[in-house]
Amino acid sequence: MIRRRRDKRIGLVLGGGAARGWAHIGAIRALQAAGIKPDVVCGTSIGALVGAVYANGDLDWLEAWVSRLTWQTVVRLLDLRLSGGILGGRKVIQVFAERFNGYEIGQLQMPFAAVATELDSGREIWLQDGSVAHAVRASIAIPGIFTPVWHDGVWLVDGGLANPVPVSVARGMRADCVIAIDLNSDILNGRDFGGLPEPLPFDPNAPAPGTLRRNGKPWPKWLQPMPGSLAADVRINPKPSARVPSILSSVAQSIDIMQVRITRSRLAGEPADILIQPRLGGMGIFDFHRAQQAIEEGRAAVEYMLPALRARLGGGE
């Protein structure tokens, strides 16, 4: 058990990373087991969602819910659409909106902030009042994936475009010691195409539609490599074993690259007092059904950093 000095105001920062965000649950559990309770919590994207649930005292419910997710339930929740983003996000946020029961941010059990990005200007927005569900929905609006959110006369999208691990927000909330969880430290290693189904090796004699499958069923044609395109051209992709990413996989990989670059830049200028980095390189942004693995990685990452936490918080066991 860590006994912190009384003058320490602890801020917990939960970074973005889509499905990898379930690691935040394990990290919070490990912090609780060590006797560390933050005074403020803030998050970006999935970090905002987990942070809001935690600030509402509902972490048990969230862990139970994500542990029941299967690939089939994830597909049903991610409603496909063609306006504003590939996925609508309405079904996902409805689950949490019902749990928040119309709560305002000020009604949560601890100070909370979600980070979003103004689409037109790129300005970073800190959402610290108003509807909890609305703030979370804006923070998770990954461009091209989820539809933007209209807020006070502007369109808002994922906060990860501006501040993937919002240490500055916790500082702005008067945290003396900032514990930040970065989900993006090793995600460009061991890629698995974002947890999405992958196309089979290119066969010039096989029909193009239907090569991209999940559980034997073909995905829509608009997610398949187009015949005759550079992606499907055997002259460009000569190796029979080469796998061509789908549109959604390419978008997911691009988002990961962007998140890594922005995260490194922001943390270099705005370092946390304690930085926790779960090893999540094998998880894609849509692997919401792999919750148990992510939770365990989050728990292990905090346990690894316990000596640094003890030293920083000025207590002992």
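This structure is a prediction, so every number in the text was calculated from the model and none was measured.
No hydrogens or angles considered: nothing links the side chains of N163 and T44 as a donor-acceptor pair under 3.5 Å. For the 3.5 Å distance criterion, the side chains of Q293 and E297 fail to qualify, holding no donor opposite an acceptor. When only modelled atom types and interatomic distance are considered, E124 and W126 share a side-chain donor-acceptor pair under 3.5 Å.
In summary, R312 and D273 engage in a salt bridge, as defined by a charged side-chain N under 4.0 Å from a carboxylate O. Taking 4.0 Å as the cut-off between side-chain N and carboxylate O, E303 and R29 do not count as a salt-bridged pair. A salt bridge does not link D182 to R20: none of the charged side-chain nitrogens sits closer than 4.0 Å to a carboxylate oxygen.
You'll find the side chain of C42 stays beyond 4.5 Å of the side chain of Q128, heavy atoms only. With contacts defined as side-chain heavy-atom distances shorter than 4.5 Å, the pair I181/L12 qualifies.
A side chain to side chain contact (heavy atoms under 4.5 Å, CB included) with L183 holds for exactly one of I285, I276, L280, L14; it is L280.
Side-chain rings of F286 and W71 stay apart, their centers remaining 6.0 Å or farther from each other.
Residues I28 and I10 are members of one and the same hydrophobic cluster, defined by side-chain heavy-atom contacts under 4.5 angstrom among Ile, Leu, Val, Met, Phe, Trp and Tyr.
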Could you give the side-chain donor-acceptor pairs of residues 109-122 under 3.5 Å, partners two or more places apart or in another chain?
| residue | atom | partner | partner atom | Å |
| --- | --- | --- | --- | --- |
| Q109 | NE2 | N56 | O | 3.3 |
| T117 | OG1 | D158 | O | 2.9 |
| E118 | OE1 | R123 | NE | 3.3 |
| E118 | OE1 | R123 | NH2 | 2.8 |
| E118 | OE2 | S121 | OG | 3.0 |
| S121 | OG | R123 | N | 3.1 |

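Alongside L267, the hydrophobic cluster contains V13, V165, V167, V178, L275 (criterion: ILVMFWY side chains under 4.5 Å).
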